2 protein chains.
Amino acid sequence: MSQTVDRALSILPLLAEGPADLGRVADRLGVHKSTALRLLRTLHEHGLVYRQSDQRYRLGARLFALAQEAVENLDIREIAHPHLARLNERCGHTVHLAVYEENEVLYIDKVESRYPVRMYSRIGKPVAITVAAVAKLCLADLPEPERRAFAEKLDYPMYTSRSTPNAPAFLKELARVREQGWATDLGGHEESINCVAAPIRGADGRVVAAMSVSAPNVVVTADELLTLLPLVRRTADAISGEYSGRTSVKDSV
Amino acid sequence: MSQTVDRALSILPLLAEGPADLGRVADRLGVHKSTALRLLRTLHEHGLVYRQSDQRYRLGARLFALAQEAVENLDIREIAHPHLARLNERCGHTVHLAVYEENEVLYIDKVESRYPVRMYSRIGKPVAITVAAVAKLCLADLPEPERRAFAEKLDYPMYTSRSTPNAPAFLKELARVREQGWATDLGGHEESINCVAAPIRGADGRVVAAMSVSAPNVVVTADELLTLLPLVRRTADAISGEYSGRTSVKDSV
DNA sequence: GAAGTGCGTTGCAGGATATGCAACGTTCAT
DNA sequence: ATGAACGTTGCATATCCTGCAACGCACTTC
């Protein structure tokens with residue numbers, strides 16, 4: 001591993017907390033100011049860091065562009081999107097697409113029905129991994145030892161009284177999800193929000209992504225939402241088929 | 001400037017084009033495979049690149065999270081958002097917020113009325129700089145020599161017959177925009193889309209951002225859209241006032 | 001089935017390259 | 001006017017990165 005690059009990259013999460021001046025960056029990195037300066041300059045030339053008018057540094061524009069291109073190049077997302085949109089048209093609720101990557105599950109697409117407000121704020125954001133239905137599906141597919149090790153390392157914040165409380169409960173839930181091939185989150189993240197989710201599988205049968213339908217229970221009860229399960233599963237299967245190359249676009253009902 | 005970091009960062013835009021294997025990365029960088037490997041490993045440890053199942057590398061998840069945090073920490077965006085939402089409620093059209101940074105103008109917020117589809121796809125994306133109304137406002141505020149130099153360097157793609165054709169025309173338009181304090185894009189980017197935009201200024205009077213209202217002319221004609229100009233300008237001024245009032249967090253505590 | 005090809009990976013020696021130091025230029029507050 | 005805080009520069013040292021060559025592995029070819 002390269003020390004110089006390592007230090008330079010450590011600056012990014014540091015700046016993500018908010019703008020910082022040279023001294024602060026140098027301190028946090030544990031290097032001399034002149035060293036930090038050269039690293040920041042290099043980051044700056046690549047547009048990853050921006051120098052605002054008060055001379056402090058913050059994350060730069062290129063970062064957005066990169067993240068943008070990255071998300072647009074995900075083929076699962078591209079394949080899934082029309083299916084998600086169609087599902088949204090039929091049921092009217094919010095539809096999510098998420099993938100597992102490097103100890104995180106994150107939303108990579110979303111189609112929402114009513115509220116345009118802050119829609120972007122979730123795309124690319126890690127999900128609440130211990131409670132989200134899509135997270136359960138992705139993690140349930142990990143090999144057993146890895147799954148266990150991972151569950152042990154997690155925090156289990158009690159978002160609501162129905163949040164997953166600890167590792168054993170989580171592992172038990174994952175086992176059930178793995179068994180039944182779908183998952184729910186009934187008020188585990190926000191009291192009034194329920195989700196049903198289904199897995200999307202690659203050609204080898206491994207879960208490559210998961211999709212969900214979410215709705216507040218002022219609109220539909222959890223039971224009513226569950227009646228959508230067959231539709232959600234069919235959609236997920238259609239995406240799986242198309243992604244793994246077996247099926248073409250037509251055979252979704 | 002640090003060579004090692006420079007090389008490492010050059011990998012990112014390369015991967016943004018699509019997944020690549022080690023050999024390809026090494027070739028494009030002009031370094032030995034073993035060197036590329038070590039750089040990629042370091043990027044990997046920081047989550048900026050991901051190694052997919054076929055062993056090829058692509059951009060990683062942390063990139064999204066970083067971009068996410070970065071955009072959420074922009075104080076202009078935070079201040080402006082409620083104003084944009086309110087404007088959207090009143091007129092029903094798409095509302096954009098954009099900033100100039102390092103030779104690019106990019107959208108940092110958007111409130112859309114009807115079509116939830118692919119909403120995120122524009123946030124963080126560079127705008128069509130030669131035609132977009134918000135771009136004109138940002139660039140018109142640059143000091144004259146810089147503005148001229150910049151205009152000379154640009155490409156002038158003819159998106160439509162009404163796109164800005166070349167540097168002289170662009171500079172002339174910028175001068176007019178600067179004069180009148182607002183800008184339009186009447187079918188310069190997409191034939192049927194019109195925009196009106198107004199600048200947001202900091203305490204020193206410099207343009208720090210620009211906002212616009214866009215609508216397809218099947219919904220409202222360009223003339224009708226122009227009747228919104230006073231409302232747009234009032235909104236922009238309100239944001240300017242609030243922004244320059246408590247510019248940084250420290251002096252408002 | 002054996003030999004060949006392409007790919008990622010490892011350890012190492014040499015030297016390019018990053019590092020910390022000390023000194024200077026500014027800006028701002030006292 | 002004086003001092004402090006901060007960013008910036010040039011430079012000598014040695015650290016850390018580089019390219020090489022060899023290896024393991026998977027997959028293709030004859």
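Basis for what follows: all heavy atoms, side chains included, without hydrogens, waters or symmetry-related copies. Given the structure is predicted, the values throughout are model-derived calculations rather than measurements. Proteins get letters first, then strands, A, B, ... in listed order; numbering begins at 1 in each.
Distance A:Arg41 CZ to D:dG10 C1': 12 Å, rounded to the nearest Å. To the nearest angstrom, P of D:dC17 lies 14 Å from CG of B:Leu37.
Across residues 2-14 of chain A, A:Ser2, A:Gln3, A:Thr4 each have a non-hydrogen atom less than 4.0 Å from an atom of DNA chain D (numbered order). For the segment residues 19-33 of chain A, the set of residues with a heavy atom within less than 4.0 Å of an atom of DNA chain C comprises A:Val31, A:His32, in numerical order.
Among pairs with a residue in residues 26-50 of chain B, those fulfilling salt bridge (charged side-chain N to carboxylate O under 4.0 Å, His left out) read B:Glu17-B:Arg28, at least two apart in sequence or across chains. Screening residues 129-143 of chain B for side-chain hydrogen bond (donor to acceptor under 3.5 Å, both in side chains), with sequence neighbours left out, gives B:Lys136-B:Glu173, B:Asp141-B:Arg206.
When each of A:Thr35, A:Thr42, A:Leu39, A:Leu9 is paired with A:Thr4, the side chain to side chain contact (heavy atoms under 4.5 Å, CB included) condition holds for A:Leu39 and for no other.
Around the CZ atom of B:Arg51, the shell of radius 6.0 Å holds more than 12 heavy atoms that belong to other residues, nucleotides or ligands. Remark: B:Arg56 CZ is packed, more than 12 non-hydrogen atoms of other residues, nucleotides or ligands lying under 6.0 Å away. Sparse packing is recorded around CD of B:Glu179, with 12 or fewer heavy atoms of other residues, nucleotides or ligands lying under 6.0 Å away.
Side-chain N or O atoms of B:Gln52 include none that pairs as donor or acceptor with a backbone N or O of B:Asp54 at under 3.5 Å. Judged by distance alone, with hydrogens and angles left aside, the side-chain atoms of A:Asp155 form no donor-acceptor pair with the main-chain N or O of A:Pro157 at under 3.5 Å. Looking only at distances, no side-chain donor or acceptor of B:Arg201 sits under 3.5 Å from a matching main-chain atom of B:Ser240. Of the possible polar contacts, none joining the B:Ser212 side chain to the B:Ala197 backbone as a donor-acceptor pair under 3.5 Å is found. In terms of modelled atom types and a separation under 3.5 Å, the side chain of A:Arg178 and the main chain of A:Ala140 share a donor-acceptor contact. Not one N or O on the side chain of A:His46 forms a donor-acceptor pair closer than 3.5 Å with the backbone of A:Leu48.
For the helix from C:dG1-D:dC30 to C:dT30-D:dA1, the terminal axes (five pairs an end, C1' atoms, rotation from four pairs onto the next four) enclose an angle of 30°, given to 10 degrees.
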Can you list the steps and then say if B:Val232 with B:Trp182 is a side chain to side chain contact (heavy atoms under 4.5 Å, CB included)? CA-CA 9 Å; B:Val232 174; B:Trp182 51 274; over 6 Å; no
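Of the two residues near DNA chain D, A:Arg51 and A:Arg38, the one whose nearest nucleotide lies more 5' is A:Arg51.
Nucleotides of DNA chain C lying under 4.0 Å from heavy atoms of chain B occupy a range whose first and last members, 5' to 3', are C:dG8 to C:dA18.
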